[in-house]
Protein chains: 2
Amino acid sequence: MLLTDVSRKFVLHWGEMGSRWGINRTIAQIHALLYVSPEPLNADQIAETLSVARSNVSMSLRELQGWGIVQVVPVLGERKDHFTTQQDVWEMLLVVLDERKKRELDPTLTVLRECVMEAREQGDTEKHTAQRLNELLQLVETCGGWYGQVRSLPRPMLVRFLKMGSRLRKLLG
Amino acid sequence: MLLTDVSRKFVLHWGEMGSRWGINRTIAQIHALLYVSPEPLNADQIAETLSVARSNVSMSLRELQGWGIVQVVPVLGERKDHFTTQQDVWEMLLVVLDERKKRELDPTLTVLRECVMEAREQGDTEKHTAQRLNELLQLVETCGGWYGQVRSLPRPMLVRFLKMGSRLRKLLG
DNA sequence: CTGTAATTTCAGTAAAGACTGAAAAGACAG
DNA sequence: CTGTCTTTTCAGTCTTTACTGAAATTACAG
């Protein structure tokens, strides 16, 4: 299995972007590879194509499955597990956002709430801190709530909403 | 300079979150520290409070200034540079999003456009790749365009928009 | 069961990223 | 200028994270 020029370019860039957003480079590359692959790949093919150890692929695939963007598919007449990724990019985006919300935003909300409470208990000593942290908490809560709203829109409406461009302003104005 | 319990908790958490999003832990901690500090701090104070080398603080502050979320403020009767961060959290969020768009989304757009073009040049060989990459490109373009729209709303309208919760659905329905 | 293929685990190692301290450069009062 | 205070740079080191390969485990056909 050899990557074409275009695929290689994409896979490398995707890996790079991943690592800038706190996602392991190899994991992002595997994801990219599966995304452009016309058919499901098995772990050996992935390892060979990306020149990484078989065991590394195994761990990375498990991670991707944990994120919910890669799944095992059976291939007729093949004993090895084969893997694909979501073909619908919007679904993929939402799944990733959900996961990051759960893993990072929600814990931050919890910590901020605790901090604001504790700061208030300290009275005047922490008045300023309480103030600042509360502002941040409001922001995070607002964004989280908004995301929940958007998330619950039926898919076509969501896409329509994002595509509506300059009409957004009119709508609100 | 010793951190209070609340501040320490917040600073540590913020550092942790930063590193999950591809931002150096120390840099995020410095940002958090400045955010809760009632008055501007100089580099030595920061270094002492967070127990990191003075030189590290220097580099990190420079990075934060590059992101546009920390600035130097002169303090009367003080020779050393003092630093603060945006007090308006919304402004802070937008500045960070702008910067990440510029650094990560825009380059990705460029690469995807190139890839789609190159794939199309290959004709049938890369038909599938062209297809997949184009879908991704559409997604990124849509999101980028949408952000541009939202970004250009006057601040109060933007906040109102994010806070509007369940009315969003009605508005679109 | 037994043997073979496939996958996972994990201790050890390699690579990447972050940090330090010493030295250089810059700023500025006298 | 000169001397002092401040900031920056960067080579070397340390820490963290990622990766490998050998061994253990699992899956399953015969």
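Chain A is the first sequence line, chain B the second, and so forth, proteins listed ahead of strands; every chain is numbered from 1.
When distances run from any side-chain atom of B/Arg79 to the nucleotides C/dC28, D/dC19, C/dT20, the shortest one goes to C/dC28. The nucleotide whose nearest atom lies closest to any side-chain atom of A/Val52 is, among D/dT9, D/dT20, C/dT7, D/dT20. Of the candidate nucleotides C/dC19, D/dT9, D/dC19, C/dC19 has the atom lying nearest to any side-chain atom of B/Thr26.
Between A/Asp5 and A/Arg8 there is a salt bridge, since a side-chain N of the basic residue sits under 4.0 Å from a carboxylate O of the acidic one.
Each of B/Lys80 and A/Ser51 has a nearest nucleotide on DNA chain D; the 5'-most of these lies closest to B/Lys80. Closest-nucleotide positions on DNA chain D for B/Met59 and B/Arg54 were compared, and the one nearer the 5' end corresponds to B/Arg54.
Using a 4.0 Å cut-off, no side-chain N or O of B/Ser58 falls inside it from OP1 or OP2 of D/dT7. Applying the 4.0 Å criterion to OP1 and OP2 of D/dC19, one finds that A/Asn24 has a side-chain N or O inside that range. Remark: B/Arg25 is in phosphate contact with D/dT17, judged by side-chain N or O atoms under 4.0 Å from OP1 or OP2. In this model, the phosphate group of C/dT20 is not approached by any side-chain N or O of B/Ser55 to a distance below 4.0 Å at OP1 or OP2. Close to C/dT9, at under 4.0 Å from its OP1 or OP2, lies a side-chain N or O of A/Arg62.
The shortest side-chain heavy-atom distance between A/Glu126 and A/Glu121 does not fall under the 4.5 Å cut-off.
Straight-line distance from the CD1 atom of B/Ile27 to the C1' atom of C/dC19: 12 Å, rounded to whole Å. Across the protein-nucleic acid pair, A/Leu50 atom CG and D/dA18 atom P stand 16 Å apart, rounded to whole Å.
Relative ring orientation between A/Phe161 and B/Trp146 is described as perpendicular, the plane-to-plane angle rising above 60° on a 0-90° scale split at 30° and 60°.
One hydrophobic cluster, built from ILVMFWY side chains closer than 4.5 Å, cannot hold both B/Val96 and A/Trp21; they sit in different ones.
Using a 4.0 Å heavy-atom distance criterion, B/Asp81 is classed as a sugar-phosphate-only contact.
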